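Here the structure is a predicted model, which is why all the values come from computation and not from measurement.
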Protein chains: 2
Amino acid sequence: MKINPVNILKEHSLKHTKQRVRVLEEIALDTVAISQPELEKKLGKEIDRVTLYRILNIYEDKGILHRIMDMNGTANYAICSSSCSEEHHHDEHVHFNCTSCSKIYCLDVTVPKMVMPHGFKAVSMNTTAYGICEKCNLLVKEN
Amino acid sequence: MKINPVNILKEHSLKHTKQRVRVLEEIALDTVAISQPELEKKLGKEIDRVTLYRILNIYEDKGILHRIMDMNGTANYAICSSSCSEEHHHDEHVHFNCTSCSKIYCLDVTVPKMVMPHGFKAVSMNTTAYGICEKCNLLVKEN
DNA sequence: CACAGTAATGCAATCAAATTGCATTTTTAT
DNA sequence: ATAAAAATGCAATTTGATTGCATTACTGTG
Ligand SMILES: [Mn+2]
Ligand SMILES: [Mn+2]
Ligand SMILES: [Zn+2]
Ligand SMILES: [Zn+2]
């Protein structure tokens, strides 16, 4: 699915600025989530650090990006599926966090329904698997 | 199950200091996980901030505590089940993060096995449900 | 139980992440 | 083209975490 930053901005009635377009382009480059530090490094001085924070926050609020926290408390961002909205993120798929390369994948695996104890009402679910990703597994085999 | 801080320290061949005992006591007070900021506040100036960091880290390494990250990237700590070791944490239960009181519960619900895509080898799993906890649900009904 | 070696603690300093305030620049509607 | 509103960049601040080192506390041995 092709990402069109300009359309996305329009759809969410956000002003079209080159910084906002740039951030979406960068995140759309790869299917794996990108961490805030990585993004910062890639964008270098094209975009001010503070502006990046603000853009990421607004994108999350609007349901354009979803944020996945890794075990170090670092934020990672990926483009949301089209069903996400300002009211609710539909991010009910499993994430895979590679302990070798530390990349985070949005897997096409749905989180199974789980029965909560009496009195607990779950409205959303977050599942992350930790282990070795496809690429890292291949690298090991080659050597 | 009753927690005995002194025994726990012995079992893991850690030196017995009043700060270490204090931290375990505090965490054992409640079955819900406690956040680092809360802990810091509760311990006040009994224990230096830096010492607390070091104690929590060593407890996690040793498999005495497990760390649960909330959606803000804040660390929360709970006593591990007895089956946890330095080699491997067995924390395969579901966590419940209340969006109202922000408490994190270790639920007695096991994470169902999920099939990973080809090439991805998961070694551990982390599942957190977000919603309203038992206590907060009761509070709502009362009003 | 004293003592020596070793490890843990507390404090100050440093590093890093995130937020805030405000002047300047950019966008968009008219 | 213009004006109002919003976004950006920069400096300053706040908050969170780590490091180095002198002092203090623990533990095993005699
Ligand atoms: Mn995802
Ligand atoms: Mn737990
Ligand atoms: Zn990998
Ligand atoms: Zn609650």
Side-chain angles (χ1 to χ4, degrees), chain A residues 4-27 33-62 64-65 67-77 86 102 104, chain B residues 4-27 33-62 64-65 67-77 86 102 104:
Chain A
N4 184 330
V6 179
N7 283 350
I8 292 180
L9 290 174
K10 277 216 188 84
E11 283 162 21
H12 292 86
S13 43
L14 289 173
K15 279 196 178 173
H16 168 277
T17 70
K18 72 170 193 295
Q19 293 87 339
R20 286 178 175 173
V21 172
R22 190 71 189 76
V23 169
L24 278 180
E25 277 175 355
E26 197 59 48
I27 294 178
I34 185 167
S35 71
Q36 172 125 3
E38 274 181 282
L39 255 179
E40 246 178 81
K41 205 185 297 172
K42 280 204 172 189
L43 296 172
K45 48 189 186 183
E46 288 183 65
I47 303 182
D48 184 80
R49 238 172 98 64
V50 177
T51 303
L52 178 56
Y53 275 109
R54 293 194 270 229
I55 290 176
L56 292 173
N57 283 338
I58 204 169
Y59 281 177
E60 195 195 355
D61 288 349
K62 289 280 185 179
I64 296 169
L65 295 182
R67 195 188 55 181
I68 310 131
M69 283 290 178
D70 65 24
M71 38 187 167
N72 304 311
T74 306
N76 292 67
Y77 292 90
E86 190 154 359
S102 78
I104 294 182
Chain B
N4 184 330
V6 179
N7 282 349
I8 293 180
L9 291 173
K10 277 215 187 84
E11 283 162 22
H12 292 86
S13 43
L14 289 172
K15 278 199 179 172
H16 168 275
T17 71
K18 70 171 195 294
Q19 292 88 339
R20 285 177 177 176
V21 172
R22 189 71 188 76
V23 169
L24 277 181
E25 278 175 354
E26 196 60 46
I27 294 178
I34 185 167
S35 70
Q36 172 128 1
E38 274 181 282
L39 255 179
E40 246 177 81
K41 205 185 297 172
K42 279 203 175 191
L43 295 171
K45 48 188 187 184
E46 289 183 64
I47 303 182
D48 185 81
R49 237 172 98 67
V50 177
T51 304
L52 178 58
Y53 275 110
R54 293 195 271 230
I55 290 177
L56 292 173
N57 284 337
I58 205 170
Y59 282 176
E60 194 195 355
D61 288 349
K62 290 281 184 177
I64 296 171
L65 295 182
R67 196 188 55 181
I68 310 132
M69 283 292 180
D70 65 24
M71 38 187 168
N72 304 310
T74 305
N76 291 66
Y77 292 91
E86 191 153 359
S102 79
I104 296 183

Inset, instruction - May I ask you to evaluate whether B:Thr17 reaches the phosphate of C:dT9, defined as a side-chain N or O under 4.0 Å from OP1 or OP2? - result: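 For B:Thr17, the contact criterion (side-chain N or O under 4.0 Å from OP1 or OP2 of C:dT9) is met.
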Between [atom2] of [N] and [atom1] of [X], the distance in whole Å:
X       : N      : atom1 : atom2 : value
B:Met69 : D:dA17 : CE    : C1'   : 11 Å
A:Leu9  : C:dT28 : CG    : C1'   : 14 Å
A:Asp48 : C:dA23 : CG    : P     : 17 Å
B:Leu52 : C:dC11 : CG    : C1'   : 16 Å
A:Lys18 : C:dT25 : NZ    : P     : 13 Å
A:His16 : C:dA29 : NE2   : C1'   : 17 Å
A:Leu56 : C:dA17 : CG    : C1'   : 14 Å
B:His12 : D:dT27 : NE2   : P     : 16 Å

Inset, instruction - Give the nucleotide from the list C:dT28, D:dT8, C:dA18 with an atom nearest to the side chain of A:Tyr53. - result: C:dA18
Legend entry - Candidate nucleotides C:dT6, D:dA17, C:dG10, ranked by approach to the side chain of B:Lys15 - the nearest: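 So the nucleotide nearest the side chain must be C:dT6.
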Legend entry - Minimum-distance pair of heavy atoms, taken over all atoms of A:Pro5 and A:Val21: CB-CG1, 4.0 Å
Inset, instruction - Would you name the heavy atoms of A:Glu26 and A:Lys42 that are closest together and state the gap between them? - result: OE2-CD, 2.9 Å
Inset, instruction - Could you pick out which residue, B:Gln19 or B:Pro37, lies toward the 5' side of DNA chain D when each is mapped onto its nearest nucleotide? - result: B:Pro37
Legend entry - Of B:Arg54 and B:Leu14, the one whose closest DNA chain D nucleotide lies more 5':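 Nearer the 5' end of the strand: B:Arg54.
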Inset, instruction - Please work out if A:Arg20 contacts a base, only the sugar-phosphate, or nothing of the nucleic acid, heavy-atom cut-off 4.0 Å. - result: sugar-phosphate
Inset, instruction - Could you check whether A:Arg49 gets within reach of a base, just the sugar-phosphate, or nothing at all, counting any heavy atom under 4.0 Å? - result: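 Counting heavy atoms under 4.0 Å across all strands, the contact made by A:Arg49 includes a base.
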Legend entry - Option from A:Ile104, A:Asn72, A:Thr74 for which side-chain contact (heavy atoms from CB on, under 4.5 Å) with A:Ser35 holds: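 Single pass found, and it is A:Thr74.
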Inset, instruction - Verify, without hydrogens or angle tests, whether A:Arg22 (side chain) and A:Leu43 (backbone) share a donor-acceptor contact under 3.5 angstrom. - result: no
Inset, instruction - Could you tell me whether the side chain of B:Arg67 and the main chain of B:Leu56 form a donor-acceptor pair under 3.5 Å? - result: no
